[in-house]
S.K.: 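Before anything else, here's the structure in question.
These numbers come from a predicted model, not from an experiment.
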Amino acid sequence: MNDILQQLTEVLEQRKGADPDSSYVAKLYSKGLDTILKKIGEEATETVMAAKDGEKQKIVYETADLWFHTLVMLSQQGLSAEDVLNELARRFGLSGLEEKARREKS
């Protein structure tokens, strides 16, 4: 499963230097963080609506859009899916309540 995330990460990095007229991702990068964040917000809303409708294929489609745009944001910020996966691995096995309490102490 991580192979596709690695491949996407590599493509997103390559698009940083691409012509905005030739690449959707390059266009997002050129418009800046606010545009990327707005897109994530739109996709999050569409994902919620799809879940409320209960259409499984639409949920998957919208979640893919949300994850994709989140990966764009991570890349724009100099982060990657691996950074998030490492954080999830760190949390694995911890109670959600325990993990939240640790963050609140920090």
Side-chain angles (χ1 to χ4, degrees):
M1 181 169 30
N2 291 346
D3 288 347
I4 190 66
L5 291 175
Q6 181 60 38
Q7 291 172 6
L8 277 170
T9 297
E10 291 170 9
V11 169
L12 293 175
E13 283 300 312
Q14 292 168 1
R15 295 296 189 268
K16 285 182 176 178
D19 179 358
D21 291 331
S22 69
S23 163
Y24 172 72
V25 173
K27 185 178 285 189
L28 284 174
Y29 286 143
S30 73
K31 290 184 176 184
L33 182 60
D34 286 347
T35 297
I36 295 167
L37 296 176
K38 181 179 176 187
K39 194 65 184 166
I40 291 171
E42 291 171 9
E43 298 302 343
T45 300
E46 290 172 3
T47 302
V48 168
M49 291 169 49
K52 296 270 295 168
D53 291 344
E55 296 178 38
K56 292 188 185 304
Q57 187 54 43
K58 193 171 181 182
I59 294 167
V60 169
Y61 181 88
E62 295 301 344
T63 300
D65 281 352
L66 176 58
W67 286 11
F68 177 80
H69 288 90
T70 300
L71 289 169
V72 172
M73 180 270 302
L74 288 170
S75 179
Q76 192 270 349
Q77 294 290 303
L79 298 165
S80 70
E82 184 175 6
D83 295 311
V84 177
L85 291 173
N86 288 339
E87 175 60 15
L88 289 171
R90 184 192 69 77
R91 294 180 187 186
F92 193 77
L94 287 177
S95 151
L97 296 175
E98 179 184 350
E99 196 283 326
K100 184 178 178 184
R102 285 183 182 181
R103 280 186 285 138
E104 290 174 352
K105 287 181 183 178
S106 300

S.K.: Between Tyr29 and Ser75, is any pair of side-chain heavy atoms under 4.5 Å apart?
M.R.: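 Touching, per the 4.5 Å side-chain cut-off.
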
S.K.: Working to the nearest 0.5 angstrom, can you tell me the gap between Ile59 CD1 and Thr63 OG1?
M.R.: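 Spacing of CD1 (Ile59) from OG1 (Thr63) equals 7.0 Å.
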
S.K.: Would you say Leu5 ends up clustered with Val60 if hydrophobic residues are merged whenever their side chains have heavy atoms under 4.5 Å apart, either directly or through other cluster members?
M.R.: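 No, it is not one cluster - the side chains of Val60 and Leu5 are not joined through contacts under 4.5 Å.
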
S.K.: Report the distance from atom CD1 of Ile4 to atom OG1 of Thr9, rounding to the nearest 0.5 Å.
M.R.: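 These two atoms lie 10.0 Å from each other.
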
S.K.: Could you measure the distance from the CZ atom of Arg15 to the CG atom of Leu8? Nearest 0.5 Å is fine.
M.R.: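 Going from CZ on Arg15 over to CG on Leu8, the span is 10.0 Å.
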
S.K.: Side-chain donor-acceptor pairs under 3.5 Å in residues 32-45, sequence neighbours left out?
M.R.:
| residue | atom | partner | partner atom | Å |
| --- | --- | --- | --- | --- |
| Lys39 | NZ | Glu43 | OE2 | 3.4 |
| Thr45 | OG1 | Gly41 | O | 3.0 |

S.K.: Excluding sequence neighbours, so at least two apart, what forms ring pair (Phe, Tyr, Trp, His ring centres under 6.0 Å) with Tyr24?
M.R.: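 So Tyr24 forms a ring pair (Phe, Tyr, Trp, His ring centres under 6.0 Å) with His69.
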
S.K.: Any chance you could measure Lys31, atom NZ, to Gln76, atom CD, to the nearest 0.5 Å?
M.R.: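 The distance works out to 14.5 Å.
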
S.K.: Distance-only, no hydrogens or angles: does the Ser30 side chain make a donor-acceptor pair with backbone N or O of Lys27 under 3.5 Å?
M.R.: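 Checking the backbone N and O of Lys27 against the side chain of Ser30, a donor-acceptor pair under 3.5 Å is found.
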
S.K.: Contact between Leu79 and Val84 at the side-chain level, heavy atoms closer than 4.5 Å - yes or no?
M.R.: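 They are not in contact (no side-chain heavy atoms under 4.5 Å apart), so the answer is no.
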
S.K.: Determine whether Val72 and Leu85 fall in the same hydrophobic cluster, where Ile, Leu, Val, Met, Phe, Trp and Tyr are linked whenever their side-chain heavy atoms lie under 4.5 Å apart.
M.R.: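 Yes, Val72 and Leu85 fall within the same hydrophobic cluster.
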
S.K.: Out of curiosity, Lys58 NZ to Thr47 OG1, how far, rounded to the nearest 0.5 Å?
M.R.: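 Separation between the atoms: 10.5 Å.
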
S.K.: State whether the number of non-hydrogen atoms from other residues, nucleotides or ligands found under 6.0 Å of Glu10 atom CD is greater than 12.
M.R.: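 Result for CD/Glu10: enclosed.
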
S.K.: Taking the side chain as every heavy atom from C-beta outward, state whether Phe68 and Val25 have any pair of such atoms under 4.5 Å apart.
M.R.: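 Contact flag for Phe68/Val25 side chains = yes.
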
S.K.: Are any non-hydrogen side-chain atoms of Leu74 and Asp83 less than 4.5 angstrom apart?
M.R.: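 SC-SC contact between Leu74 and Asp83 ruled out.
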
